[in-house]
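Below you'll find the structure, written out as structure tokens, and then a few comments.
Lettering follows sequence order; numbering is per chain, from 1. Basis for what follows: all heavy atoms, side chains included, without hydrogens, waters or symmetry-related copies.
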Amino acid sequence: MELLSGADMIARFLKDEGVERIYGYPGGAALHIYDALFRQDSVQHILVRHEQAATHAADGYARASGKPGVVLVTSGPGATNAVTGIATAYMDSIPMVVLCGQVASHLIGEDAFQETDIVGVTRPIVKHSFSIKHPSEIPAVLKKAFYLASTGRPGPVVVDIPKDMTAPTERYEYVYPKKVKIRSYNPVTRGHSGQIKKAVDMMLKARRPVFYTGGGIVTGRASEALTDLVQRLGFPITTTLMGIGGYPQGDRQSLGWLGMHGSYEANMAMHHADLIVAIGARFDDRVTNNTSKFCPTAKIVHVDIDPSSISKTVRADVPIVGAAGSVINEMISLVQDREPASPEALEEWWKTIDGWRAEREGKLYEPSKPGEALKPQEVIEAVYRATRGEAFVTTDVGQHQMFAAQYYKFAKPNRFITSGGLGTMGFGFPAAMGVKLNFPQDDVVCFTGEGSFQMMMQELSTCKQFEVGVKIVNLNNQSLGMVRQWQDLNYKSRHAHSYMESLPDFAKLIEAYGFTALKVERHEELAPALERAFADTNELVFLDVYVDPFEHVYPMQVPLGSMRDMLLSKTERT
Amino acid sequence: MRHIISILLENEPGALSRVVGLFSQRNFNIETLNVAPTEEPSLSRLTVTTVGDDRVIEQITKHLNKLIDVVKLVDLTEGNHIERELMLVKVKALGASRDEVKRTADIFRAQIVDVTPSVYTVQITGDAGKLDAFVQAMAPIGILEVARTGVSGIARGDKLLSL
Ligand SMILES: Cc1ncc(C[n+]2csc(CCOP(=O)(O)OP(=O)(O)O)c2C)c(N)n1
Ligand SMILES: [Mg+2]
């Protein structure tokens with residue numbers, strides 16, 4: 001029998017759970033835990049420079065690996081600084097365990113120094129939370145936290161740990177709990193076979209079918225099965241922003257992603273479809289546009305692991321509650337060698353889709369010429385080529401995010417890492433850090449904007465300490481571009497606070513940390529800069545690319561319209 | 001439509017706030033809420049009445065079921081059920097109205113459980129409609145204070161809400 005303090009139990013549990021790295025920042029209420037971490041060497045602690053960055057780094061790791069990210073912060077301000085990152089993970093269903101120090105139990109409720117009711121503060125943005133009531137329950141509670149975070153529809157779990165629970169003098173028996181059971185929590189796995197059969201029959205009879213898949217394919221590790229099913233049937237497929245890479249984007253059947261800034265052909269195909277097979281997607285308002293005009297001629301099959309996602313905004317004709325992978329595999333076994341009822345109708349459908357594709361080909365944006373400022377889109381395309389399409393790509397939020405999603409083509413899941421649901425500026429750089437620390441052999445690129453980067457740029461210091469060689473591509477349009485775009489479109493170009501006056505000299509800033517920065521102002525400077533930037537996978541390089549500040553992101557769905565109502569450029573509209 | 005949802009909830013600190021928080025967070029409405037321990041010490045039973053169309057009620061039950069502390073729930077209004085609420089009412093009881101209060105209480109099978117020279121305290125149980133009717137009947141006489149428990153309910157017959 002082994003007696004350990006609560007603090008040592010936490011360190012030991014993390015090791016036994018297979019956690020290699022955690023992200024955090026110390027403070028009074030967490031000091032016993034930090035001392036325990038100091039006295040072991042199985043779990044590496046990455047000291048960030050702001051707790052929000054710890055959550056984003058853990059989140060980036062979780063999105064890239066599929067495993068829960070782990071965060072450790074102190075009570076009060078440490079915990080509240082983590083809130084934005086917890087909300088970010090919650091909105092995108094990312095597995096994360098956040099360990100928060102808390103004031104000692106006897107002080108709780110007394111407005112003690114650095115006391116915050118973090119369980120209360122985070123209640124609407126966690127999958128679940130725990131407060132430790134006795135040191136001996138630490139292993140069991142942590143096991144539950146990891147189990148909840150990473151199963152079913154994943155999400156963040158907060159564990160509140162009063163300081164006296166980790167006191168070095170109080171020791172209790174430690175056994176790693178191999179099993180865990182929560183009587184009220186039994187996430188479904190298999191879908192209802194009758195419903196699946198009904199869905200497959202509809203799929204085979206459909207004349208204008210479209211697959212619409214989301215983050216559930218990525219978190220559910222179902223992209224291989226999905227690819228198999230989609231290719232057997234020969235149907236077009238569009239993914240959500242979160243579902244990017246769930247199906248190889250270079251493939252002919254891929255229409256790209258859909259929604260507000262989705263591709264013309266994806267939105268057109270959705271609008272005209274007679275059957276939509278939605279898997280692991282949640283009919284988010286950035287996808288559907290006006291739900292009352294959404295896909296007027298389509299029947300809807302909706303597969304999701306979370307019953308509350310089904311028929312939440314758009315009514316499903318065939319609801320299927322189940323894990324994406326299992327349901328898709330069952331669909332495959334039902335489809336087998338059966339052919340669609342009308343191959344001619346499908347062929348006709350593809351002709352229509354190819355027509356839409358042809359309409360926009362070569363018209364997406366106007367590339368720059370030598371001597372001119374670059375277009376943000378072509379910078380993404382150039383980075384795509386420089387990394388052979390194989391990099392992990394994280395983004396911040398704004399125009400650059402949409403351009404990255406549109407112009408970097410992903411062949412695999414877990415590679416495009418972006419804050420989709422919450423849209424958190426500041427996410428990209430620390431997320432990239434979290435990825436690079438765990439995938440040191442890979443190129444990790446963060447596409448950011450000068451607005452977003454300044455929200456988390458203190459993490460340069462973390463990168464210096466832990467030698468994190470991420471590539472930061474700052475699409476510098478000297479403005480809060482996405483805000484400015486909305487102001488151009490909806491406020492007669494009254495640019496209320498969307499400009500970025502007094503930008504720092506980013507090159508000097510980066511150099512102050514001992515890193516390399518390259519400034520790119522004209523078309524011809526990009527190629528050599530990229531060559532330099534990607535010469536060494538493990539070197540942090542910052543590319544400050546001055547891009548055309550007047551560019552807009554298109555297509556853009558017209559507010560309150562249907563899927564097909566889009567602005568296609570500053571002068572064209574569907 | 002009005003629905004009565006009965007929930008078996010883990011008897012854990014904070015569990016109730018998760019349920020209540022869910023309603024405000026997702027803009028669902030709560031008309032009444034009633035919560036107390038059950039025969040099984042690890043569980044409390046919570047009954048909430050709410051109003052919404054089928055789509056809203058479906059979302060409410062799905063989201064409630066998603067809460068880790070919710071062990072089981074039933075929408076009692078989907079089947080035959082018994083609905084009860086208890087109310088204590090203080091009414092002015094002076095002169096002629098003393099008799100009037102007593103008579104009305106008798107008609108409603110309510111009991112007078114406390115008496116002062118100027119005030120009667122009346123206890124009444126029934127479904128929400130009966131309690132509303134009693135309040136209406138007493139209003140002209142002069143209601144001083146009302147305390148209602150909120151609705152509690154249970155399915156008729158063999159149907160159980162248990163582990
Ligand atoms: C934390 C946070 N605050 C505000 C916003 C609203 N917002 C969305 S995009 C954007 C502008 C981002 O500017 P920048 O990072 O320079 O990217 P750009 O659009 O110029 O590419 C803002 C302010 C947000 N998404 N997140
Ligand atoms: Mg910008």
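- The environment of NZ in B:Lys62 is crowded: more than 12 heavy-atom neighbours from other residues, nucleotides or ligands sit within 6.0 Å.
- Classification of A:Arg315 and B:Glu58 as a salt-bridged pair holds, one side-chain N sitting under 4.0 Å from a carboxylate O.
- When the shell of 6.0 Å around CZ of A:Arg190 is examined, it contains 12 or fewer heavy atoms from other residues, nucleotides or ligands.
- For the residue pair B:His63 and A:Ser308, the shortest heavy atom distance occurs at CE1-OG, 3.4 Å.
- Other residues, nucleotides and ligands contribute over 12 non-hydrogen atoms within 6.0 Å of the NZ atom of B:Lys130.
- For the atom pair CZ (A:Arg123) and CZ (B:Arg18), the distance works out to 8.0 Å, reported to the nearest 0.5 Å.
- Heavy-atom contacts from other residues, nucleotides or ligands closer than 6.0 Å to CG of A:Asp111 number 12 or fewer.
- Neither the backbone nor the side chain of B:Leu22 has a heavy atom closer than 4.5 Å to any heavy atom of chain A.
- Of the listed residues (B:Val71, B:Ile68, B:Thr61), the greatest number of heavy-atom pairs within a distance under 4.5 Å of chain A belongs to B:Ile68.
- Between A:Ser311 and B:Arg55, the shortest heavy-atom distance links the atoms O-CG, 4.3 Å.
- Of all the listed residues (B:Gly21, B:Pro13, B:Ser17), the one sharing the greatest number of non-hydrogen pairs under 4.5 Å with chain A is B:Ser17.
- Using a 4.5 Å heavy-atom threshold, the side chains of B:Asp69 and A:His128 count as touching.
- Open room surrounds NE2 on A:His192; 12 or fewer heavy atoms of other groups in view lie less than 6.0 Å from it.
- Closest approach of A:Asp306 and B:Lys66 over heavy atoms only: OD2-NZ, 2.7 Å.
- With a 4.5 angstrom heavy-atom cutoff, A:Ser131 does not touch chain B via any of its atoms.
- Around atom CG of A:Asn186, more than 12 heavy atoms belonging to other residues, nucleotides or ligands sit under 6.0 Å away.
- Applying the 6.0 Å contact sphere to NZ of A:Lys143 captures more than 12 heavy atoms from other residues, nucleotides or ligands.
- With a 6.0 Å radius and a threshold of 12 heavy atoms from other residues, nucleotides or ligands, B:Leu43 has its CG atom above the threshold.
- A:Arg183 and B:Ser42 are linked by a side-chain donor-acceptor pair at a separation below 3.5 angstrom, with hydrogens and angles left out of the test.
- Within the 4.5 angstrom heavy-atom criterion, only side-chain atoms of A:Leu148, from C-beta onward, approach chain B.
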